[in-house]
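Heads up: the structure comes next, in structure tokens.
First the proteins, then the strands, lettered A, B, ... as listed; each starts at 1.
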Amino acid sequence: MDFALTLQQEVVAAIKALYQIDFEANKVSVANTRKEFVGDYTVVMFPLVAILKQSPKQIGNAIGGYLKENSSFVQDFNVIKGFLNLELKTQLWADFLENAYANDQYGNHPKTNKNVLLEYCSPNTNKPLHLGHIRNILLGWSCSKILEAAGDHVIRTQVINDRGIAICKSMLAWKKFANGETPQTSGIKSDHFVGNYYVLFETKFKEEYEVFQNSSEGIKVYETNKKANQESDAFFKDYKNTYFNTYSALGKEAREMLLDWEKGEPNTIALWKTMNEWVISGFNETHKALGVDFHENYFESETYLLGKDLIEKGLKEGIFYQKEDTSVWIDLTEEKLDHKLVLRSDGTSVYMTQDIGMAHIRYEKYKMDSLIYVVADEQNYHFQVLFEILKKMKEPYAAHLYHLAYGMVELTTGKMKSREGTVVDADDLIKEVIQEAENEAAERGDINALPVEAKKDILTKIGMAALKYHIIKVNPKKKMVFDPKESVDLQGQTGPYIQYSYVRANGLINKINQENWQSEKLIPSVLEPQEKDLLIQLYDYPNIIKEAAADYDPSVIANFTYSLAKSYHKFWHDLPIIKAPTPEKDFRIKLSILVKHVLQHSMDLLGIPMPNRM
RNA sequence: GGUCUAGUAGCUCAGCUGGAUAGAGCAACAGAUUUCUAAUCUGUAGGUCUCAGGUUCGAAUCCUGACUGGAUCACCA
């Protein structure tokens, strides 16, 4: 039973009885009543005015009066302007609470038998994870949890981009300059260790490039290739890639290393394996700190040749076409996209080819009904093209592809640019928020007496809640501005604020358990607005999950949870619970039990664990 | 230039499948604790919802156009 839907039908029945008119149910707008008015649900009268030729107030009073008399749902009503506010019978809310508070599955939907494969966090193995990855990881994880709560079966996967020129740069710098140093000997977290050599490569390359710019050869290149009136600095900025691929000695060595890797040269492969293991074990530590995992990792080194056979097949079927130079393309101009290359003229594959192949092998293994990619919105075009191609190839899951495109993370000082050293490192950030939680807790002193381990557990939960909530509360589609100072805030609309409301409920429940509280099933004669506010939100929760799942949008949950926590804080402040008289006490304890469950459940969907005290 | 996307309080964000007086948090100011933990609660102040048209009983929300910002448009990944 759904209150809003039932009311919708009852309004239709009332119109029929009062005016002998059939009115379509879906044209009756039923919404939660706004807080400043009395009532639970509100029906808008305006659409009826033209049809019934009466004032909204008259219609509202007529329908409200009819429902009060005839509906088993409606206790009372009021009409303000064109709005009919309906109050449900207290018994209905009491029944809802009675069922829900004892249901430890409240919020979880029945299984759908739908298999969803979700890909998130696709790092390169040449440097550690940063803030952008954190947004990706939190979104991917949370989405998977939300879909599970909505009843789907979710397979979480990651693609690790472990080959290519970038990792060769790290490898080369290590080989030339490390003198055998390792993460173990240096005591540096292993992914940072590899990242440092990537930076070192860039530094050495920059030095080399500067020498070139001042050499006679460099000056000659500038004079011959510059655009009109182009300054030397501007020219060489643009020329950097070309320099890397032509004159640069380091560039040449790195490219040779890539060729060696492709040939399978044993020493290169051995070094590549070692450095990738370092990076990946570092990633795993960060994933653990963030509380996320994957069912399967795909390594680009094992998948980058995939898809060629599918292109050949599609070529025969006429999905693709071949140019004179033997390169293979697809024409997507009818889909307003363009022509897109899928195989180079030398027969090698591109990124798109690989993605086509990977989607295919995933289907062979998992038979997923739906495939979701959590990737930044800079790749929107790529995924549009990929999805069109998969549709044309008639892949079975092609109708249920989704690119969860999230906006880039910017800093208050501007964009993050690895080259300019303005990237916020994931591990540093995690350390920082936990430290901030510790500072704050030390000042308060509430948990000072706890054993070290228990304290550490709580502080980690608080710090991570601050960081995660700050990121996940923003609508994924929008780019976000990240202010480190705000991310460690523990007051206001934050993760710790929500945790604290949970801790309050938890403390209360511990206390009544010690008193051996037993449910009395008595119903208060009147529900306070603070109680109603909680009930309406709690009642809504399963729908909120459906909505978040349908939109792939964790921020829906984040906003809901904050609102619930806020209402509980107010409830706590305004009304006695344990000290209330019997029917109220009983009711408010059950309310607290359900609030506690829903807070915990919804925060779990965001990947945020709750502390028992703080 | 083509395509996509965003613009709401000083700042960070909700609200966008059209409904009541556009909401939170932060920052500022003023208050509340003999009480189930004040990481809380209450109040004050802060708005041309970028602009101009249109549709509608009703527009922050839908449509059109402009302005501003972002992304993308490689035989890169």
Side-chain angles (χ1 to χ4, degrees), chain A residues 29 31 33-37 42 44-47 49-50 56 80-83 85 122 124 161 163-166 241 300 304 323 325-329 336-338 340-352 354-355 376-382 384 405 407-408 410 412 415 437 440-441 443-444 446 462 466 470 473-475 477-483 485-487 489-501 503-512 547 555-556 558-559 562-563 565-566 568-580 588-589 592 613-614:
Chain A
S29 134
T33 301
R34 292 172 56 144
K35 275 186 190 178
E36 57 266 40
F37 303 101
T42 295
V44 185
M45 292 294 110
F46 294 111
V49 172
I80 299 172
K81 295 188 184 173
F83 300 89
N85 299 318
S122 311
N124 294 323
N161 298 301
R163 64 169 282 282
I165 195 71
N241 268 335
E300 198 201 358
Y304 79 111
K323 285 193 180 173
D325 64 3
T326 71
S327 61
V328 180
W329 298 70
K336 290 197 212 159
L337 287 171
D338 216 337
K340 187 77 190 176
L341 177 97
V342 289
L343 274 186
R344 293 194 188 100
S345 50
D346 63 3
T348 55
S349 49
V350 290
Y351 188 44
M352 190 65 72
Q354 198 185 133
D355 268 354
D377 65 6
E378 60 186 350
Q379 294 198 37
N380 280 353
Y381 181 73
H382 173 79
Q384 278 181 34
M408 308 290 271
E410 293 175 10
T412 45
K415 290 184 192 173
E440 189 76 10
E443 239 174 73
R444 292 168 197 281
D446 293 325
I462 296 172
H470 187 249
K473 73 173 184 194
V474 180
N475 187 322
K477 282 186 302 207
K478 295 197 178 182
K479 70 166 196 229
M480 67 172 288
V481 177
F482 183 90
D483 184 346
K485 284 203 298 284
E486 285 179 15
S487 74
D489 271 351
L490 310 172
Q491 275 103 42
Q493 188 181 2
T494 66
Y497 172 96
I498 298 165
Q499 288 180 322
Y500 185 56
S501 65
V503 164
R504 282 181 145 177
N506 187 55
L508 178 94
I509 290 158
N510 285 342
K511 194 155 200 161
I512 55 113
E547 190 188 324
S555 74
V556 170
N559 286 311
Y562 169 68
S563 171
K566 192 171 149 74
Y568 190 69
H569 277 308
K570 185 163 172 56
F571 165 84
W572 180 283
H573 178 267
D574 291 353
L575 303 172
I577 303 170
I578 291 177
K579 288 168 188 161
R588 286 170 195 170
I589 286 171
S592 295
R613 52 179 297 187
M614 59 196 282

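From A:Asp355, atom CG reaches atom NE2 of A:His382 across 4.0 Å, with rounding to the nearest 0.5 Å.
Comparing atom distances between the A:Met480 side chain and each of B:U40, B:C13, B:A20 picks out B:C13 as nearest. Out of B:G25, B:A6, B:U40, the shortest distance to the side chain of A:Gln491 is found at B:U40. Picking from B:C26, B:A77, B:A14 the nucleotide with the shortest atom distance to the side chain of A:Asn475 gives B:A14. If you check B:U40, B:A24, B:C4 against the side chain of A:Asn380, the one that comes closest is B:C4. Nearest nucleotide to the A:Lys415 side chain, out of B:C13, B:A71, B:G25: B:A71. Considering only the side chain of A:Pro47, B:G19 comes nearest among B:A14, B:G25, B:G19. Of all nucleotides listed (B:U72, B:U40, B:C41), B:U72 comes nearest to the side chain of A:Glu378. When each of B:G25, B:C41, B:G69 is scored by its nearest atom to the side-chain atoms of A:Asp574, the top-ranked nucleotide is B:C41. In the set B:U37, B:A24, B:A77, B:A24 carries the atom at the smallest distance from any side-chain atom of A:Gln493. Closest approach to the A:Arg34 side chain among B:U21, B:A77, B:U72 is made by B:U21 (side chain taken as heavy atoms from C-beta onward).
Atom name C1', nucleotides B:U17 and B:C63: the rounded distance is 16 Å, in whole Å. If you take atom C1' in B:C41 and the same atom in B:C67, they sit 44 Å apart, rounded to whole Å. Distance noted for atom C1' between B:U50 and B:U8: 10 Å (whole Å). Between the P atoms of B:U5 and B:G65, the separation comes to 13 Å (whole Å). Comparing B:G46 with B:C26, their C1' atoms are spaced 13 Å from each other, to the whole Å.
Phosphate contact (OP1/OP2 of B:A77, side-chain N/O of A:Tyr351, threshold under 4.0 Å): absent. The side chain of A:Lys579 contributes an N or O atom lying less than 4.0 Å from OP1 or OP2 of B:C36. Between A:Lys485 and B:A27 there is no side-chain N or O to OP1 or OP2 distance below 4.0 Å. One finds a side-chain N or O of A:Arg504 lying less than 4.0 angstrom from the OP1 or OP2 phosphate oxygen of B:A38. OP1 and OP2 of B:U5 both lie 4.0 Å or more from every side-chain N or O belonging to A:Tyr381. Phosphate proximity of B:U42 to A:Lys570: present, with a side-chain N or O under 4.0 Å from OP1 or OP2. Contact annotation: A:Arg344 reaches the phosphate of B:A77 (side-chain N/O to OP1 or OP2, under 4.0 Å).
Both tests pass for A:Arg163 against the ring of A:Tyr304: distance under 6.0 Å to the centre and angle within 45° of the axis.
Among the atoms of the strands shown, only primed sugar atoms or phosphate atoms (P, OP1, OP2) are found under 4.0 Å from some heavy atom of A:Lys511. Heavy atoms of A:Val474 sit under 4.0 angstrom from primed sugar atoms or phosphate atoms, though from no base atom. Using a 4.0 Å heavy-atom criterion, one finds that A:Asp446 contacts the bases of the nucleic acid, with or without backbone contacts as well.
Rounded to whole Å, the distance from CE on A:Met408 to P on B:U72 is 7 Å. A:Trp572 has its CH2 atom 13 Å from the C1' atom of B:C41, to the nearest Å. Spacing between atom CZ of A:Phe482 and atom C1' of B:C11 amounts to 15 Å, rounded to whole angstrom units.
Comparing A:Glu486 and A:His573 by the nucleotide of RNA chain B that holds the closest heavy atom to each, the one mapping nearer the 5' end is A:Glu486.
Counting atom types as modelled, A:Thr42 pairs a side-chain N or O with a base atom of B:A20 as donor and acceptor under 3.5 Å. A:Asp355 contributes no side-chain N or O that forms a donor-acceptor pair with the base of B:A77 under 3.5 Å.
Ring geometry for A:Tyr562 against A:Tyr497 counts as tilted: the plane angle lies between 30° and 60°, on a 0 to 90° scale.
Between the side-chain ring of A:Tyr562 and the base of B:A24, no stacking contact exists by the 5.5 Å and 30° definition.
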